[in-house]
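We number each residue from 1, following the sequence as shown.
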Amino acid sequence: MSRPSPVHPGPRAGPRSGASQWTTADRRAFANDLAHSQLIAVSARSNRTKSDRDPSDWQPDLISYRCAYARAWISVKHAYALTTDEEERAALTGMLGTCA
């Protein structure tokens, strides 16, 4: 059994999401924020396959977890006023459709 690997389920704050003007301090605060579902333990395989892909390119294998994942992703986007594109928004909408 492999050791769990920490992964940021939420978005990486990059130019595509509206963080291009952030300072180093802003990026550090984002990376270390524990209040907005930023870090979970996953398998090393999951961490490698997700990389920095958004929900339009990657979703959790476990369908029952997609709702929680989408909610965490949206929470981070909202908290940091980050943007989404059409494909990302459509994927998140589909993932929210798995919520009970």
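- The aromatic rings of F30 and Y80 stand perpendicular to each other, their planes meeting at an angle above 60°, with 30° marking the opposite boundary.
- Sorted by first and then second residue, the pairs that involve residues 58-87 and meet disulfide (SG to SG under 2.5 Å), not counting sequence neighbours, are C67-C99.
- Nearest heavy atom pair, residue G18 against residue T83, reads N-OG1, 3.8 Å.
- K77 and T84 are not linked by any side-chain donor-acceptor pair at a separation below 3.5 angstrom, with hydrogens and angles left out of the test.
- For D61, the side chain to side chain contact (heavy atoms under 4.5 Å, CB included) partners are R45, not counting sequence neighbours.
- Contact annotation: the side chain of R71 approaches that of L96 to within less than 4.5 Å [non-hydrogen atoms, C-beta and beyond].
- Residues forming a side chain to side chain donor-acceptor pair (under 3.5 Å) with D85 (at least two apart in sequence, or on another chain): none.
- Within the 4.5 Å cutoff, the side chain of R66 has heavy atoms near those of the I63 side chain.
- Evaluation of the side chain to side chain contact (heavy atoms under 4.5 Å, CB included) rule for S64 yields L62 as partners, not counting sequence neighbours.
- Not counting sequence neighbours, the partners of R89 by the salt bridge (Lys or Arg N to Asp or Glu O under 4.0 Å) test are E86.
- A68 pairs by the side chain to side chain contact (heavy atoms under 4.5 Å, CB included) definition with Y65, not counting sequence neighbours.
- Taking S56 as the reference, D54 meet the side chain to side chain donor-acceptor pair (under 3.5 Å) condition, with sequence neighbours excluded.
- Counting heavy atoms from C-beta outward, W73 and E88 have side chains that approach closer than 4.5 Å.
- L82 and V76 get closest at one heavy-atom pair: CD1-O, 4.5 Å.
- Counting heavy atoms from C-beta outward, Q59 and Y69 have side chains that stay 4.5 Å or more apart.
- Panel note: side chain R28, backbone T23; no donor-acceptor pair is recorded below 3.5 Å.
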